[in-house]
Amino acid sequence: MRLENKRALITGAGSGIGAAIAERFANEGAHVALLGRTEAKLKTIRSRLPKDRTVQAIVCDVSDPSQCEAAVRETVSALSGLDILVNSAGIFRGGGADELTLEDFETMLRINLTGPLWLSKLALGPMREAGGGAILNISSTLALRPVPSSLAYSISKAALDMMTRCLALDHGGEGIRVNAISPAIVETPIHGTVMPSDAVAEMYAQMATHHPLGRIGRPDDIAGAAVHLCSDESSWTTGSVFVVDGGLSLAGP
């Protein structure tokens, strides 16, 4: 129960990494607000969580600042405060400069960068009232070493890493810690949004051979790291970007 009675807001909580973090947090004792764009998915995740935890499902598009503001207000009201923010919502749209459209670039920045920044800004007040807090951003190893056709996504995640460091520097004196996790290939629905299911399976099988640990990641691998970074176990850790990648970054191109 490392997060006993902590109050957490988690974006992208309807599936993938966000959903896994929500489940682990609730099982570690936290009360949680689940944010996502699809109500049915949020209800499914809510049904899996312990009945003795307060769980609030909030439909929210993080690219819309007004929806973010309403979601934080509802979270603080439902949970009687806020101790933890996890920015997990994200999208991927591939392509190099020749294929990139301005609409795609701006959409990716709004969801992957502006949304996390605005939610972090909104969370600062409630966290100050609580005497401190933890913000966790889900980044990507593509912020550290891009692959072909990942231009806009890599830019958005590299900026998210710098945002993490800047917020950590500015608000450490208030007891607010800010860190990020950089996963490599994790089995989540995001890959199905950019390629057919058979291509996804083939990519997973191929990429597993490139990881020294012999497999791609699972959402719970990231959730375990998230619990550590948002609990008192890491009370002297801020401004760090933790690579959780099965050793992929050690294996060369």
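What you see below is based on every heavy atom in this structure, not just the backbone, and it leaves out hydrogens, waters and symmetry mates. None of the values given here were measured: they were computed from a predicted structure.
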Same cluster (ILVMFWY, side-chain, under 4.5 Å), L35 and V76: yes
Shortest non-hydrogen contact from T164 toward S240: CG2-O, 4.3 Å
For I176, the option from D170, L167, I135, D83 that meets side chain to side chain contact (heavy atoms under 4.5 Å, CB included): I135
Name of the residue among L142, I91, V147 meeting side chain to side chain contact (heavy atoms under 4.5 Å, CB included) with Y153: L142
Under 3.5 Å donor-acceptor, T11 side chain and S88 backbone: yes
Separation of R177 CZ from C230 SG (nearest 0.5 Å): 7.0 Å
Nearest atoms (heavy-atom pairs only) where P212 meets G246: CD-O, 3.3 Å
Test item: D61 side-chain N/O and S63 main-chain N/O as donor-acceptor pair under 3.5 Å: yes
Name of the residue among I58, L122, L119 meeting side chain to side chain contact (heavy atoms under 4.5 Å, CB included) with T75: I58
Minimum heavy-atom distance L79-R7, with the two atoms named: O-CD, 2.9 Å
Distance-minimising heavy-atom pair for S156 and L109: CB-CD2, 3.9 Å
Stepwise side chain to side chain contact (heavy atoms under 4.5 Å, CB included) test for S120 and L85: CA-CA 7 Å; S120 298; L85 167 65; 3.8 Å; yes
Side chain D245, main chain P183, donor-acceptor under 3.5 Å: no
Step-by-step side chain to side chain contact (heavy atoms under 4.5 Å, CB included) determination, I216 to L248: CA-CA 9 Å; I216 63 169; L248 182 64; over 6 Å; no
Side-chain donor or acceptor of S231 paired with backbone N/O of H228 under 3.5 Å: yes
Step-by-step side chain to side chain contact (heavy atoms under 4.5 Å, CB included) determination, M203 to I185: CA-CA 10 Å; M203 183 270 287; I185 300 294; 4.2 Å; yes
N/O donor-acceptor pair under 3.5 Å between E28 side chain and R2 backbone: yes
Closest heavy-atom pair and its distance - S182, T141: O-CG2, 3.6 Å
Reported CZ-to-CG distance for the pair R165 and N179, which is rounded to 0.5 angstrom: 10.5 Å
Transitive ILVMFWY cluster of L42, excluding itself - 4.5 Å side-chain cut-off: L3, I10, I17, I21, F25, V32, L34, I45, L49, V55, V59, I84, V86, L136, I138, I181, V186, I222, V227, L229, F242, V244
Steps toward side chain to side chain contact (heavy atoms under 4.5 Å, CB included) verdict (I111, R37): CA-CA 12 Å; I111 294 175; R37 291 188 289 185; 4.1 Å; yes
Side-chain donor/acceptor of S150 to backbone N/O of P146, under 3.5 Å: no
Minimal non-hydrogen separation, G133 against M127, with atom names: CA-SD, 4.0 Å
Any donor-acceptor pair under 3.5 Å from R48 side chain to A19 backbone: no
Residue pair N27 / P50, side-chain heavy-atom distance below 4.5 Å: yes
T238 (side chain) donor-acceptor with A168 (main chain) under 3.5 angstrom: no
From N87 atom CG to N112 atom CG, the distance as rounded to the nearest 0.5 Å: 10.5 Å
Heavy atoms from other residues, nucleotides or ligands near CD of E99 exceed 12 (cutoff 6.0 Å): yes
Salt bridge (charged side-chain N to carboxylate O under 4.0 Å, His left out) pairs, two or more places apart, involving residues 100-111: R93-D104
Inter-residue atom distance D161.CG - S139.OG, 0.5 Å rounding: 3.5 Å
Heavy atoms from other residues, nucleotides or ligands near CZ of R53 exceed 12 (cutoff 6.0 Å): yes
E174 atom CD, over 12 foreign heavy atoms within 6.0 Å: yes
ILVMFWY cluster, L144 and I155 together (side-chain gap under 4.5 Å): no
ILVMFWY network linking W118 to L113, side-chain heavy atoms under 4.5 angstrom: yes
From NE2 (H31) to CD (E4), nearest 0.5 Å: 7.0 Å
Backbone N/O of R73 and side chain of S77: donor-acceptor pair under 3.5 Å: no
Expected output: side-chain D221 to main-chain R218 donor-acceptor under 3.5 Å: yes
